[in-house]
Number of protein chains: 2
Amino acid sequence: MSDTPKDQVSGDTAADRFLQQFTGYRIKRALLVVHEDMTETLVPLGLRVGTFAPLAVVAANPGISQTKLSDVLKIKRSGVVAVVDELERIGAIERKPVAGDRRTNALFMTTAGGKLWQQAEAAIQAHEDRLFTDLTDEENDQIRDLLSRVILRAERAKE
Amino acid sequence: MSDTPKDQVSGDTAADRFLQQFTGYRIKRALLVVHEDMTETLVPLGLRVGTFAPLAVVAANPGISQTKLSDVLKIKRSGVVAVVDELERIGAIERKPVAGDRRTNALFMTTAGGKLWQQAEAAIQAHEDRLFTDLTDEENDQIRDLLSRVILRAERAKE
DNA sequence: TCCGAATTGTTATGTCAATGAACAATTGAA
DNA sequence: TTCAATTGTTCATTGACATAACAATTCGGA
């Protein structure tokens, strides 16, 4: 195989280019690098990729229930339990009883959690700026719009 | 919470819109729906999302080694073993010894595998056309170009 | 008012994709 | 020739989910 004698940048081979004809594969690869960089960004804060989104939702929706959270995050209620456990354990949020319904937990951020969220949001904003720095603002808007349309369309089709 | 009384389309709440300010989250959600639809598309062919890409690479690179395959797919050699096992078990590809090197396996598609690949490629092409039908050709090119730049940039930064 | 159905959070268990560490066989290089 | 590197492999583990069952609680209709 003399056409690829020893290339460090293996993302530039003919085989790779062939594979990237599929948009789905590109999305996967893009998520891979984003996930990796995001993980490194959140480690110093004691957060993970899987706890950032829940924290964001609770920050924006004080008193949200776990079921509602599972709905927003598109994960099952059983999965929410572990995530809320973790965020509660590190003291970022807390479960509180709800007046009219003893089944439900209302999720609130602690004051420590508020500060943590401020840092996390700034860190992730910087991370995205860094990763997407090649893109103009217009391109950034475009890519987000296109992704949204794909998501909405597919979800509507599932009904 | 009277602002979201009972919406079936939970992807349209304020909470969700807030979360989607992060491009990384949109990518994740997009991959989720793409992955789901792709799975349904491949089931009738006896393939999975995780076996489609390897099959594509072997189709385009007859005689490729497992290590090279792991390099192209960005997964570890140990992970390739299981995938190649599966593709060999369903009779799509086969391991063949290499003349000059008794360590290496050369991967080739069987004739049955060739037909399977033809069907799979067509099915996935239809799947992408269906999912991305809202997008013009130009937008499709754009989104792929933008994703590529994100991927290349992030991978170069890791060196 | 009462009783069955639905909802909420939870536990236990499984699955799927991928990783890391160790290993034998083989090859390459000093 | 001998030591380092490479290839494929096994095994144990992880992370991020899903499914199924369950107790406690609430709701809705006879």
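A, B, ... follow the sequence lines: proteins, then strands. Residue 1 opens every chain. Source: prediction; values computed, not measured. Side-chain atoms are counted along with the backbone in the values below, which use heavy atoms only and exclude waters and symmetry mates.
Between B:V84 and B:L69 the shortest side-chain heavy-atom distance falls below 4.5 Å. Taking the side chain as every heavy atom from C-beta outward, A:E36 and A:E40 approach each other to under 4.5 Å. At least one side-chain heavy atom of B:L47 sits less than 4.5 Å from a side-chain heavy atom of B:I90.
Atom pair A:R102:CZ and D:dT26:C1' shows a separation of 10 Å (rounding to whole Å applied). One can place CD of B:E36 at 17 Å from C1' of C:dA17, the figure rounded to the nearest angstrom. Counting to the nearest Å, the P atom of D:dG8 and the CD atom of B:E88 are 13 Å from each other. In this structure, the CE atom of B:M38 is 11 Å from the P atom of C:dA17, given to the nearest Å. Here the P atom of nucleotide C:dC16 and the CD1 atom of A:I75 are 19 Å apart, to the nearest Å. Separating the CZ atom of B:F52 from the P atom of C:dA17 is a distance of 15 Å, rounded to the nearest angstrom. Atom pair A:N105:CG and C:dT7:C1' shows a separation of 13 Å (rounding to whole Å applied). For the pair B:K68 NZ and D:dT7 P, the computed distance is 11 Å after rounding to whole Å.
For the salt bridge (Lys or Arg N to Asp or Glu O under 4.0 Å) test, no residue two or more places apart in sequence or in another chain qualifies with A:R102. Partners of B:E86 according to the salt bridge (Lys or Arg N to Asp or Glu O under 4.0 Å) rule, which considers only residues two or more places apart in sequence or in another chain, are B:R48. Residues that satisfy the salt bridge (Lys or Arg N to Asp or Glu O under 4.0 Å) test with A:K76, not counting sequence neighbours, are absent from this structure. Applying the ring-ring contact (aromatic ring centres under 6.0 Å, His included) criterion to B:F22, with sequence neighbours excluded, gives A:F52. The salt bridge (Lys or Arg N to Asp or Glu O under 4.0 Å) check on B:R95 picks up B:D85, B:E88, with sequence neighbours excluded.
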Taking only N/O atoms, report every protein-nucleotides 1-6 of chain C pair under 3.5 Å with atom names and distance.
none

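Distances from the side chain of B:D101 to the nucleotides D:dT25, D:dT9, C:dT27 place C:dT27 closest. Nearest nucleotide to the A:R48 side chain, out of D:dT26, D:dT9, D:dA16: D:dA16.
Phosphate contact (OP1/OP2 of C:dT8, side-chain N/O of A:S65, threshold under 4.0 Å): absent. Between C:dT10 and A:R95, a contact under 4.0 Å exists linking OP1 or OP2 to a side-chain N or O. A sub-4.0 Å separation between OP1 or OP2 of D:dT9 and a side-chain N or O of B:Q66 is present. Remark: A:K28 is in phosphate contact with C:dA18, judged by side-chain N or O atoms under 4.0 Å from OP1 or OP2.
The ring pair (Phe, Tyr, Trp, His ring centres under 6.0 Å) analysis of residues 26-50 of chain B, with sequence neighbours excluded, yields no pairs. For residues 88-109 of chain A, no pair satisfies ring pair (Phe, Tyr, Trp, His ring centres under 6.0 Å), with sequence neighbours left out. The ring pair (Phe, Tyr, Trp, His ring centres under 6.0 Å) pairs that include a residue from residues 124-143 of chain B number zero, where partners must be two or more places apart or lie in different chains. Residue pairs meeting the salt bridge (Lys or Arg N to Asp or Glu O under 4.0 Å) criterion with at least one member in residues 120-131 of chain A, sequence neighbours excluded: A:D37-A:R130.
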(request) Let me have DNA chain D in dot-bracket notation, would you? Count Watson-Crick plus G-U wobble pairs, both distances under 3.5 Å, and use [ ] for pairs crossing earlier ones and | for inter-strand partners. (result) ||||||||||||||||||||||||||||||
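In the region residues 77-87 of chain B, proximity to DNA chain D at under 4.0 angstrom, judged on heavy atoms, holds for B:R77, B:S78, B:V81.
Between A:K76 and A:A99, it is A:K76 whose nearest contact on DNA chain D lies nearer the 5' terminus.
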